[in-house]
Amino acid sequence: MDASVKPEKLRELTTEEIAAKVKEYKTELFNLRFQNAVGHLKNTSRIREVRKTIARLLTIASEKAVTEKEAAKNAE
């Protein structure tokens, strides 16, 4: 999967889909770190890309949670 996913595309995802993507990228990050430790990783910059993508996903998930909380508060 491409780590340079645009935030606009990620904001279209549901909370569950974002959580699934975070889990997927964390698994990939684990595998990349393992390959790096063993010495089989050719593209070491991929680790940084995946970390940034995870952070991007978590930020968008947090934004969605705040937005939902404010919408529920305003609905009262």
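Contact between Val22 and Leu58 at its shortest, heavy atoms only, is CG2-CD2, 4.0 Å. Smallest separation of non-hydrogen atoms from Val50 and Tyr25: CG1-O, 3.5 Å. When every heavy atom of Ile18 is checked against every heavy atom of Ala61, the shortest pair comes out as CG2-CB, 4.0 Å. Shortest non-hydrogen contact noted between Lys64 and Leu13 is NZ-O, 2.9 Å.
Atom CZ of residue Arg11 and atom CG of residue Leu57 lie 11.0 Å apart, to the nearest 0.5 angstrom. The CG atom of Leu41 sits 12.0 Å away from the CZ atom of Arg33 when rounded to the nearest 0.5 Å. Distance check: Glu63 CD to Glu68 CD gives 12.0 Å after rounding to the nearest 0.5 Å. Atoms NZ and CZ, on Lys6 and Arg56 in that order, are 8.5 Å from each other to the nearest 0.5 Å. Here the CD1-CG distance, from Ile54 to Leu29, works out to 5.0 Å after rounding to the nearest 0.5 Å. Expressed to the nearest 0.5 Å, how far CD1 of Ile60 lies from NZ of Lys9 amounts to 13.0 Å.
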Practice item. Before giving the answer on side-chain contact (heavy atoms from CB on, under 4.5 Å), spell out for Asn43 and Arg46 the whole-Å C-alpha distance, their side-chain angles and the decisive distance to 0.1 Å. Key: CA-CA 6 Å; Asn43 185 7; Arg46 180 76 177 140; 4.1 Å; yes
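Within the 4.5 Å cutoff, the side chain of Thr44 has no heavy atoms near those of the Leu32 side chain. Looking only at side-chain heavy atoms (C-beta outward), Lys42 and Gln35 stay at 4.5 Å or farther from each other.
In this structure, the side chain of Glu17 engages the main chain of Thr14 through a donor-acceptor pair within 3.5 Å.
Ion pair Glu49/Lys52 not flagged as a salt bridge, since none of the NZ, NE, NH1 or NH2 atoms sits closer than 4.0 Å to an Asp/Glu carboxylate oxygen.
Scanning for side-chain contact (heavy atoms from CB on, under 4.5 Å) contacts around Ser62 gives an empty result, with sequence neighbours left out.
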